[in-house]
Structures are given as C-alpha cells and as structure tokens.
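Report on the following structure.
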Amino acid sequence: MERDSSPSDQFHRYKNLIQNGDNPDITKERQGASFNLYNMQCFVYENDHKLQRRQEILEFVESHREFDDPVHPHFLNRDEQIDRATRKCLAMVDNLDAIDVTDYFDEAPLYQLLTIGRELHCLSLHYGMFLPTIQVHTEKSLILGPFQMAASKAILGTFAQTELGHGSNLSKLETTATYDATTKEFVIHTPTMSAGKWWPGGLGKSANYAAVMAQLYTSGESKGPHLFMVQLRDNAHAPLPGVTVGDIGPKLGNNANDNGFLIFDHYRIPRRNMFMKYSKVEADGTYIPPPHAKLGFGAMVLVRLLMIRDQTCQLGAAAVIAIRYSAVRHSAVRQGEINEGEGEVQILDYRTQQYRLLPQLARSFPSSQRMRSRNSTSKYVTKQINNNANMELLPELHALSSGLKAVITWEVAQGIEQLRLSCGGHGYSRASAFPDMYAYAVGGCTYEGENIVMLLQVARFLMMIAKEVRSGNPKLAEIAEYIAKPDAVTARISSWKTCSDEDIIHDFEAVTRKLIFATFDRLTTLERTMKKKEAWNACSIDLCKAARMHVKTYLVKNFLARVRTCEDPASRTVMHTLAKLYAFDLISGGGGHFMKGGFLSEKQFNEVQLGIYEMLAAIRPDSVALADSWAISDLELRSVLGRRDGNVYPALLEWAQQSPLNQN
Ligand SMILES: CCCCCCCC(=O)SCCNC(=O)CCNC(=O)[C@H](O)C(C)(C)COP(=O)(O)OP(=O)(O)OC[C@H]1O[C@@H](n2cnc3c(N)ncnc32)[C@H](O)[C@@H]1OP(=O)(O)O
Ligand SMILES: Cc1cc2nc3c(=O)[nH]c(=O)nc-3n(C[C@H](O)[C@H](O)[C@H](O)COP(=O)(O)OP(=O)(O)OC[C@H]3O[C@@H](n4cnc5c(N)ncnc54)[C@H](O)[C@@H]3O)c2cc1C
C-alpha cells in the first residue's frame, strides 16, 4: 500500500514554517538587559584577549572540514562513537597550533569541546593524565625522550591505578613491582583477581603504554605505591607477552572512551622505567625515599584542579540552555496564565522556574572564576617543590583541590539535573544535551577521588588546624586563617539590599568555625574511649559537613572578592546581586547550621528567604543576557534547546529527522 507521505515529506512541510531570524521573545530579552554584554563577557573571561581567543578558536574549528560531523553523534552506536572521537581527536592534535597548548584551563578544553564534544575519548587520559604524569614525575635530565614521544603520539598512554578491589584506598593496591637487582628490572605482577587494573581510560583499545601504580618491593621490603612506565602493546598494537588487556564495556556515559582492564603475569620492565623524580631505586636495590610521602600523588592534584574549572563550565552551559529555553517556551495550560485572560506567559516568568534556574546560574560563576587563580597557585606550588624542595604548601593545595573537586562536581551534577527538569519533556531528550552533560559531570563525582573520600581529606586538614588553634600555637594556611578568629555570637545578615559583603563573610566564617570546632570536640571526646579510626568513623558525617561548609565559605568569599574587581558599574551591580543570591541560597539550604544556637534569628532567616525571592525578580530581566555572558557558541553548546537564536521547535524536528528509524 502506498503511503500518503513519508516522515521526510511531512518534515519538509513543517520546515517551510521555520521562521527566519531569531525568536522574537529571546531578542526582546536581550534588548531589555541592564548591562552591556561585551563588558560583562570581558569580566567573565577576565579580559577581551581571552574573549577574542574564544572567537578565533571557534572560527578555526568551523573552517576545518575534518571537524564536521556527517551524522549527528547521538545517532551512532558505540563502535561508531569511538571511531568518530578517534578521528576527531587525531584531527584535533594535528592542528594544535590553533591553540596555546599550555593553557590547560581555557584554550585546551574549549578546543576539545568544539571539536569532539562533551565526553572523555580515547586520548583523554593520554593528554589528561599520562603526559602530566611524565611532566610531574620524570627527572629533569630524562624528561625529553618520553615527553617528546608522548607529545608526538609516538606512544599513547593512560593512567592505570584503580584496581577491581581498590580505588580510593591507594595504600592497599595489590599490583606489585618487585625489583630484581640481578637483571636490573622490575617484575610487574597481578597476584590476585582483585589486583587487576580496572577503569583506566583509553586502555581497552587505544593505549600502548601506561603509567602504572604498583606496590614497590626492593631488597625484600615493601615501599608503598609508586609509578612505573609500562609498555603494554607492541608495534602492531598486539598485547605483549605477560600482558592481558581489554575494554570493560559500556558505562553510564563517556562511551567513546575505551576504559579498560589490565592483568600482568610477571612482566619485566627496565629499572629506569620507574618514575624516579622524587623517590628512587638504585641499581643495587637501595631505596631513596621522596622528600614528601605524597609527592607520588601529584598528577592527581593537578587533574583535580583541571576538573573543577571544566565541570563548572558544564554547569554554566546547562544554565545557558535552560534559561534560553525558558525564554522561548510558553505555558500552554490555563492554570499557566499568571493574569487570567492575558494569555500564555514565558515560563521564565514563573517564580518557581526562576528559583530552579538562577541559583544554578549563580553557582556556575564563582568556581570558574577561581580556577584561574588556582591555576597560578598550583604553578607556584609546583615551582616551590621543584626548586626548593619546599613542601609547606602541599597540604593546603591537597585540601583545597580535594575540597573544591568534591563540592563542585556534586553541585554541578545536581545542578544539571535540576536544569534538565526545568525544561520539562524536552529536557529528557538527548537533543537538549542535558543527558550527556549529566553523564559526563556525574562521573566526576567518582573519578579522580570519590567525593566523600575527598571531603574526608579536607576534614583531616581542618581537624589538624583546629588542634593547632586549640593548642594556642597555630601555623595557619591562608585558606584557614578565619578558623583562629574569635567566636561570633549573633549573625549580621539582614536585607539583601543593605547587608554588606563583610556581613555575609562574617556569618559564613562564624558558622563554619562553629561546625569545625563542634566536630573537633566530638572527635576528641570519642577518642578518649575509642580507637582513633573508630572515633573518626563515628564522626565522619559531621566531618564531611564541616568540610563542605569550609569549601562553600571559600567560594562565597572569592565570588564576592571577584565581583569587587569588576570595573563596569552596570555589570558589577548585576553580578553583585548574583553573588548575594549565591550566598543567600546557600544559607537557606544550610539553614540548620546557621540557626543552630540562635546564631541566625528567625527574623533574619525570613529576610534571607525574602531576599532570595526579591533577587530572583531583580535578576529575571537580565537572565538571558547573563546566560549570553558565558559567550558559548552553538557549536560548543551542542543543544537544540539552548540555541542562540531560540528557534527550538524547527531545530527539534530537524534533529529527530536524523534518527535511523526515520530512514525507511
Ligand atoms: C581528563 C582526565 C580525566 C580523568 C579520568 C579519571 C582518572 C582517575 O580516576 S585516576 C585514579 C584516581 N584515583 C584517586 O583519586 C584515588 C583517591 N585516593 C587517594 O587519593 C588517596 O588514597 C587518599 C588521599 C584518599 C588517601 O591516601 P592515603 O595514602 O591512604 O593517605 P591518608 O592516610 O588518608 O593520609 C595521609 C596524609 O597524606 C596526605 N595526602 C594524601 N594525598 C595527598 C596529596 N595528593 N598531596 C598531598 N598530601 C596528600 C593527607 O592529607 C594526609 O596528611 P596528614 O597525615 O598530615 O593528615
Ligand atoms: C568514568 C570513570 C573513569 C575512570 N578513569 C580512571 C582512569 O583513567 N584510571 C584509573 O586508575 N581509574 C579510573 N577510574 C576509577 C576511579 O578513579 C575510582 O572509581 C575512584 O577513585 C573511586 O574508587 P572506587 O571505585 O574504588 O570506589 P570505592 O572506594 O570503593 O567507593 C565506594 C564507596 O565507599 C566509600 N568509601 C571508600 N573509602 C572510604 C573511606 N575511607 N571512608 C568513607 N567512605 C569510603 C565511598 O565514599 C563510596 O561511597 C575511573 C572511574 C570512572 C567512573
């Protein structure tokens, strides 16, 4: 039987209805902004040079055909996804001149987003961890060879640390590297099933080398986990004898990445393949320890810092999508009319919708800003370690990177989910980009240090500071100076219009201090009757709460400080309101901590709630322009719902048209 019309015909009939030009609602929103978009974008990206570089990189990618996608990636199967990502990846690294490759925080991630998209791929670990491991852990005199080979892709590597049985607890890893002084080799071995490496990205099919974390044994003694450079596959890419390797199968996301497993059977590598910048094994087997026991974990610290910025940008992009969509979407049901009879409203006008969107938008700014200065802190710390063997800043950097990683990846993942829900049914479609964003972001809560485990590392640092403060002889890191300030009995917060930045900071610091000392007192009391580790476990929920609050206080202080540097008054005004919304929303969410002991009165708490509602109304007219201030191109956003021109419905039809089910 002949059909009236194919899906394709029907689609083309609709396509004729596509309007030319931008959606009028979104244009009107842009015209109503209270600030100059360019000035705001310069503030967000710190200067116009960075903004200009974003545009140049976009133009470069758009003008190179090898970055095109003949088929929309959403409609590919896993093999095709891996092929596509690999092809793009190679094109990307063949054109590295387009970017400043040393700019890990801005240009490199942007370039990758524009070329491949939002997912880990076959070379993510090569560039994200293998190269940094070589940089951080190879002796200066030896670095050139391996670095050049890795940089030129003569070898492709991954970072193989996690095992089937142990991921967080590095001290219990089971893979062994036993030094044989007679042959001057290490024997790498997987002694049990749980010792098999599991998860390393790019290991399944792509990598021919790995930085392998293994327990070092020399002269019959165990020396703890150390890193080794291990060749896994030969020139024909077949696994070498003694190496069993493969892919671990599909995951929640990042399926273009071939995460893999790895088993060693008494596999021998030369002595020089141990990464010996900090600790060494001499030819006769003598062990030389590192200047600081945890220097071997340096590459992880660097990647945690990189993740913070990258993940925050995902939240920014998710907020852009949801805000733009909320400006073009109208509520069609009668109860959706705010004033009956006046017709449908933009969903952006619902206060509940603003409450879903704007705190997430606010959340996306502070951590992205701070990462720029964290970048210089990490460079400074690395320099100190390299030049002077100065380890003093290491605990601070570890606590800060672990804490920010844990708080931000969690907030980003939750934020993306909230923003997805705010887009109703269309948020559930992959066309929106939310499912891919969420899958990417939520992985960050686990990899590079499971979030709770990371918070407990921050708590260790805070308990150490609390102990020093109580002993009256504190040696305080900059991020912890407030812990030694005198107690405050009452909160200062008042109406959002009148309360100062100092008032907000005062209250955050006071509440965090109380939380830290209450936890410290509970811990020390329990330690009188329990073993230390049992007492720690009994207190661990409070320890995590204190750690989270410490990180949030840090973020609030830095957001407010950054806003003060904004030179354009109109941009500063709206950013300041956004920073206050961020702080007030945190107080509202953490009300229990603030109201404990009557620190924040009920009247003040009501002011906070009312302040949030009023700030939502104040920011509402600027919300689309604020989303635009992220300066994210459509290619980077990869979302039908978030397109700049707001022409969502025809684009959704066009996207669905590519489904293989519609091809016959
Ligand atoms: C593009 C890139 C994509 C990335 C993809 C993902 C790649 C990966 O996931 S790779 C695998 C990542 N794995 C991890 O992150 C594992 C997480 N676990 C760890 O880091 C550790 O086991 C950890 C920190 C939890 C505990 O370490 P452990 O040796 O047991 O130490 P612990 O006994 O708790 O603490 C010892 C001391 O060392 C300190 N310390 C621990 N780590 C560090 C560090 N990195 N730097 C400085 N100090 C540190 C602690 O602060 C503590 O100090 P103190 O005694 O003064 O309080
Ligand atoms: C997408 C993805 C990519 C990855 N890529 C790599 C890679 O390239 N290379 C690599 O080596 N690894 C990689 N991993 C592994 C990753 O680093 C580990 O999964 C991560 O470190 C957590 O370890 P785990 O899986 O053993 O979790 P576990 O430690 O088993 O955690 C399970 C639960 O136990 C809790 N827990 C564990 N220890 C404690 C504690 N001391 N106190 C309180 N609670 C605790 C955790 O909070 C969590 O709730 C990847 C993982 C994912 C998901």
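Residues: numbered from 1 along the sequence shown. Whatever order the structure lists them in is the order used to number ligands and atoms, beginning at 1.
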Does ligand 2 come near enough to Gly167 that some N or O of the ligand is less than 3.5 Å from an N or O of the residue? yes
Ring centres under 6.0 Å, that's the criterion: do Tyr217 and His226 meet it? no
Judged by heavy atoms only, the candidate from His166, Glu450, Arg304, Met464 nearest atom 15 (O) of ligand 1 is Arg304
Please report whether atom 41 (N) of ligand 2 has a protein non-hydrogen atom at a separation of less than 4.0 Å. no
Taking distance alone, with no angle check, do Thr162 and ligand 2 share an N/O pair under 3.5 Å? yes
Would you verify that at least one protein heavy atom lies under 4.0 Å from atom 51 (C) of ligand 2, or report that none does? yes
Nearest to atom 48 (C) of ligand 2 by heavy atom, Lys533, Gln161, Gln457, Glu450: which? Glu450
Return yes when Ser168 approaches ligand 1 closer than 4.0 angstrom through a heavy atom, no otherwise. yes
Counting N and O atoms only, with roles assigned by atom type, does the side chain of Gln314 sit under 3.5 Å from a partner on the main chain of Val412, one being a donor and the other an acceptor? no
4.0 Å protein heavy-atom contact status of atom 1 (C) of ligand 2, strictly under: yes
I want to know if ligand 2 touches Gly201 in the polar sense, i.e. an N/O pair below 3.5 angstrom. yes
Below 4.0 angstrom, counting only protein heavy atoms, does anything approach atom 30 (O) of ligand 2? no
Which of the atoms in ligand 1, numbered in the order shown and given with their element, are less than 4.0 Å from a heavy-atom of Phe297? 29 (O), 42 (N), 45 (N)
Ligand 1 atoms nearer than 4.0 angstrom to some heavy atom of Glu448 are 4 (C), 6 (C), 7 (C), 8 (C), 9 (O), 10 (S), 12 (C), 15 (O)
For atom 16 (C) of ligand 2, is there a protein heavy atom at a distance under 4.0 Å? yes
Provide, to 0.1 Å, the distance between atom 48 (N) of ligand 1 and the closest protein heavy atom, together with that atom's residue and name. Lys294 CB, 3.5 Å
Gly167: numbered ligand 1 atoms lying under 4.0 Å from its heavy atoms: 16 (C)
Residues Lys88, Asp69: salt bridge by 4.0 Å N-O rule: yes
Just to be sure I read this right, does ligand 1 sit under 4.0 Å from the backbone of Val453, its side chain, both, or neither, counting only heavy atoms? side chain
Side chain, backbone, both or neither: Tyr127 near ligand 1, heavy atoms under 4.0 Å: neither
Could a heavy atom of Pro200 be found less than 4.0 Å from some atom of ligand 1? no
Among all protein heavy atoms in this structure, tell me which lies nearest to atom 57 (O) of ligand 1, with the distance rounded to 0.1 Å. Arg460 NE, 2.7 Å
Considering heavy atoms of the protein only, find what lies nearest to atom 23 (C) of ligand 1 and give residue, atom and distance to 0.1 Å. Gln457 NE2, 3.9 Å
Among His398, His121, Lys405, the residue with a heavy atom nearest to atom 46 (N) of ligand 1 is His398
Under 4.0 Å from atom 25 (O) of ligand 2, is there any protein heavy atom? no
